Peer 1: 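The structure's right below; bear with me while I get my questions together.
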Amino acid sequence: MTIFRSTKFYLSIYIVLACTDILAVALDLSVVELIAKPLLMLSLLGLYMVSVARISYWYVGALIFSWLGDVFLLNKGGMFLWGIGAFLIAQILYIKIIYKQLLVSRLKHKLVASSPFLIFYIILISLLKNNLNELLIPVLIYGATISLMGTLALLNYLVLRSRPSQWMLTGAVLFVISDAMIALNSFYQPWPFYGIAIMFTYILAQYL
């Protein structure tokens, strides 16, 4: 049917699910979140599939592993490591996507691109390390991976200065911020507003 080939159809579903999930987090409606959150990446995958002329299966894979991460993290405690693992694979796939687009860059660009994410990584780990215990190594690895993703996105933008590279960079930064808030909320100092902010930045990051 034509409706299932429409970008507006899938975008509308994604927006409705996003608003529903954020509202469920805000009002602590766990049953509603249990329904809405797993459907987010599936609707975004549908949007992607009908929006492009040539499908990148690297991107399809990144969304599938993001979906798995969402499902695992619905279990507030027992599946946290599984969630980290799924999102780690998603980040590696995003790194592959960005790396394929990179052009030759100057050393100055590399230093400028890596510095903010390296500094952010060091500060964040210094805040979390005393509370991570057996999760220290997984969080170190995941943090380094998503920082690399952000670095490559910034490097790509510094070289190309194009609108698509700008959207990609914005999405990467929002992803880093979203994951940093998860870490701070879980291992440093919980804050009631984190739940809403985490989902808002994550939903927008994945879309961008």
Side-chain angles (χ1 to χ4, degrees), residues 14 17-18 21 24-25 30 33-46 48-49 55-100 114 117-118 120-153 168 171-188 190 194-195 197-208:
Y14 188 66
L17 288 170
D21 188 71
V25 171
S30 56
E33 186 184 7
L34 196 66
I35 297 170
K37 191 174 183 182
L39 294 175
L40 276 167
M41 290 306 103
L42 296 180
S43 64
L44 189 60
L45 178 59
Y48 173 70
M49 299 284 276
I55 295 171
S56 166
Y57 288 100
W58 296 108
Y59 187 65
V60 171
L63 286 180
I64 289 173
F65 278 100
S66 294
W67 170 76
L68 282 172
D70 286 343
V71 172
F72 290 141
L73 292 180
L74 281 171
N75 185 319
K76 302 300 182 183
M79 303 295 286
F80 188 80
L81 262 180
W82 287 91
I84 289 180
F87 276 113
L88 177 65
I89 296 173
Q91 295 302 337
I92 291 171
L93 293 174
Y94 281 135
I95 286 170
K96 172 69 175 178
I97 292 167
I98 300 170
Y99 185 76
K100 286 176 65 177
S114 60
F117 291 98
L118 179 60
F120 185 78
Y121 175 69
I122 291 172
I123 292 173
L124 184 63
I125 294 300
S126 69
L127 292 174
L128 303 176
K129 60 183 176 63
N130 292 333
N131 298 319
L132 288 172
N133 301 317
E134 70 277 2
L135 290 174
L136 177 61
I137 299 302
V139 171
L140 283 173
I141 294 171
Y142 182 80
T145 303
I146 196 170
S147 296
L148 176 59
M149 189 269 289
T151 296
L152 293 179
M168 182 182 289
V173 171
L174 287 172
F175 220 133
V176 171
I177 291 172
S178 181
D179 283 348
M181 287 191 291
I182 291 175
L184 290 169
N185 194 46
S186 301
F187 304 111
Y188 184 63
Y194 271 143
I198 287 165
M199 285 313 302
F200 180 79
T201 50
Y202 171 71
I203 288 164
L204 190 55
Q206 289 281 28
Y207 176 76
L208 291 174

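The figures that follow rest on heavy atoms only: side chains count, while hydrogens, waters and symmetry mates do not. For reference, positions follow the sequence shown, starting with 1. Just so it is clear, the structure is predicted and the values come from calculations on it, not from any experiment.
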Peer 1: Ignoring hydrogens, what is the shortest heavy-atom contact between P190 and N185? Give both atom names and the distance.
Peer 2: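 Shortest heavy-atom contact: CA-OD1, 3.1 Å.
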
Peer 1: Before you tell me yes or no, could you show the steps for I137 and L140 under side-chain contact (heavy atoms from CB on, under 4.5 Å), namely the whole-Å CA-CA distance, both residues' side-chain angles and the distance that decides it to 0.1 Å?
Peer 2: CA-CA 5 Å; I137 299 302; L140 283 173; 4.2 Å; yes

Peer 1: Using the ring centroid of each side chain, check whether Y94 and Y99 are separated by less than 6.0 Å.
Peer 2: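 Ring centres of Y99 and Y94 not closer than 6.0 Å.
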
Peer 1: Going from CD1 on I84 to CD1 on I182, what distance comes out if it is rounded to the nearest 0.5 angstrom?
Peer 2: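 Atom-to-atom, I84:CD1 and I182:CD1 are 9.5 Å apart.
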
Peer 1: Looking at every non-hydrogen atom in both residues, tell me the closest pair between A18 and L40 and how far apart they are.
Peer 2: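 Minimum heavy-atom contact is N-CD2, 3.6 Å.
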
Peer 1: Closest approach of A62 and A90, non-hydrogen atoms and distance?
Peer 2: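 Heavy atoms of A62 and A90 come nearest at O-CB, 3.6 Å.
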
Peer 1: How close do Y121 and A144 get, counting heavy atoms only, and between which atoms?
Peer 2: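 It is CE1-N, 3.3 Å.
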
Peer 1: Taking the side chain as every heavy atom from C-beta outward, state whether I125 and V139 have any pair of such atoms under 4.5 Å apart.
Peer 2: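 When only atoms from C-beta onward are counted, V139 and I125 do touch, with a gap below 4.5 Å.
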
Peer 1: Nearest 0.5 Å, what's the OG-CD distance between S178 and Q206?
Peer 2: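 Taking OG in S178 and CD in Q206, the distance rounds to 9.0 Å.
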
Peer 1: Is the shortest heavy-atom distance from the side chain of L88 to the side chain of F65 under 4.5 Å?
Peer 2: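 Sidechains of F65 and L88: no contact.
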
Peer 1: Taking the six-membered ring for Trp, are Y48 and Y59 closer than 6.0 Å centroid to centroid?
Peer 2: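 Between Y48 and Y59, the centre distance is under 6.0 Å.
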
Peer 1: Rounded at 0.5 Å granularity, tell me how far CG in L17 sits from CD1 in I35.
Peer 2: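 Rounded to the nearest 0.5 Å, the CG-CD1 separation comes out at 10.5 Å.
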
Peer 1: Yes or no on side-chain contact (heavy atoms from CB on, under 4.5 Å) for L208 and M168, after CA distance, side-chain angles and deciding distance?
Peer 2: CA-CA 6 Å; L208 291 174; M168 182 182 289; over 6 Å; no

Peer 1: How long is the gap from CD1 on I55 to CE on M49, to the nearest 0.5 Å?
Peer 2: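 So the gap between those two atoms works out to 3.5 Å.
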
Peer 1: Is the shortest heavy-atom distance from the side chain of W67 to the side chain of K37 under 4.5 Å?
Peer 2: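 Side chain of W67 against side chain of K37, heavy atoms only: no contact under 4.5 Å found.
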
Peer 1: If you round to the nearest 0.5 Å, how far is CD1 of I89 from CD of Q91?
Peer 2: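 One gets 11.5 Å once the value is rounded to the nearest 0.5 Å.
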
Peer 1: With rounding to the nearest 0.5 Å, note down the distance linking CG in L148 to CD1 in I92.
Peer 2: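 Output value for this atom pair is 9.5 Å.
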
Peer 1: So Y202 and F175, ring pair (Phe, Tyr, Trp, His ring centres under 6.0 Å) or not? Walk me through it.
Peer 2: CA-CA 6 Å; Y202 171 71; F175 220 133; 5.7 Å; yes

Peer 1: Are Y14 and I203 close enough, and set up right, to give a side-chain contact (heavy atoms from CB on, under 4.5 Å), and what steps lead you there?
Peer 2: CA-CA 9 Å; Y14 188 66; I203 288 164; 3.5 Å; yes

Peer 1: Would you say L93 and L63 make side-chain contact, with heavy atoms under 4.5 Å?
Peer 2: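 Heavy-atom side-chain distance check fails, nothing below 4.5 Å.
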
Peer 1: Quick one, I64 and Y57 - any side-chain contact, counting heavy atoms below 4.5 Å?
Peer 2: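 A side-chain contact under 4.5 Å is absent here.
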
Peer 1: Which heavy atom in S114 sits nearest to a heavy atom in T151, and how many Å separate them?
Peer 2: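 Closest approach of S114 to T151, heavy atoms only: CA-CG2, 3.6 Å.
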
Peer 1: Would the distance check show the side chain of S186 and the main-chain N or O of A183 forming a donor-acceptor pair, the cut-off being under 3.5 Å?
Peer 2: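 The answer is no, because no donor-acceptor pair under 3.5 Å joins these two groups.
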
Peer 1: Quick check: do F87 and L68 have side-chain heavy atoms less than 4.5 Å from each other?
Peer 2: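 No; the side chains remain at least 4.5 Å from each other.
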
Peer 1: Is it true that, when you exclude Y207 itself, more than 12 heavy atoms of the residues, nucleotides or ligands shown sit nearer than 6.0 Å to its OH?
Peer 2: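 For Y207, atom OH is not crowded (no more than 12 foreign heavy atoms under 6.0 Å).
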
Peer 1: With no hydrogens and no angle check, is any side-chain donor or acceptor of T145 less than 3.5 Å from a backbone partner on I141?
Peer 2: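 Yes.
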
Peer 1: Ignoring hydrogens, what is the shortest heavy-atom contact between M149 and A172? Give both atom names and the distance.
Peer 2: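 Scanning both residues, the minimum pair turns out to be SD-CB, 3.4 Å.
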
Peer 1: Classify the angle between the aromatic ring planes of F187 and F80 as parallel (below 30°), tilted (30 to 60°) or perpendicular (above 60°).
Peer 2: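 Perpendicular.
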
Peer 1: Before you tell me yes or no, could you show the steps for L184 and L124 under side-chain contact (heavy atoms from CB on, under 4.5 Å), namely the whole-Å CA-CA distance, both residues' side-chain angles and the distance that decides it to 0.1 Å?
Peer 2: CA-CA 8 Å; L184 290 169; L124 184 63; 3.8 Å; yes

Peer 1: Is the shortest side-chain heavy-atom distance between L118 and S147 below 4.5 Å?
Peer 2: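 Not touching, per the 4.5 Å side-chain cut-off.
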
Peer 1: Do T201 and L204 have side-chain heavy atoms sitting under 4.5 Å apart?
Peer 2: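 A side-chain contact is absent here, since even the closest heavy-atom pair is not under 4.5 Å.
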
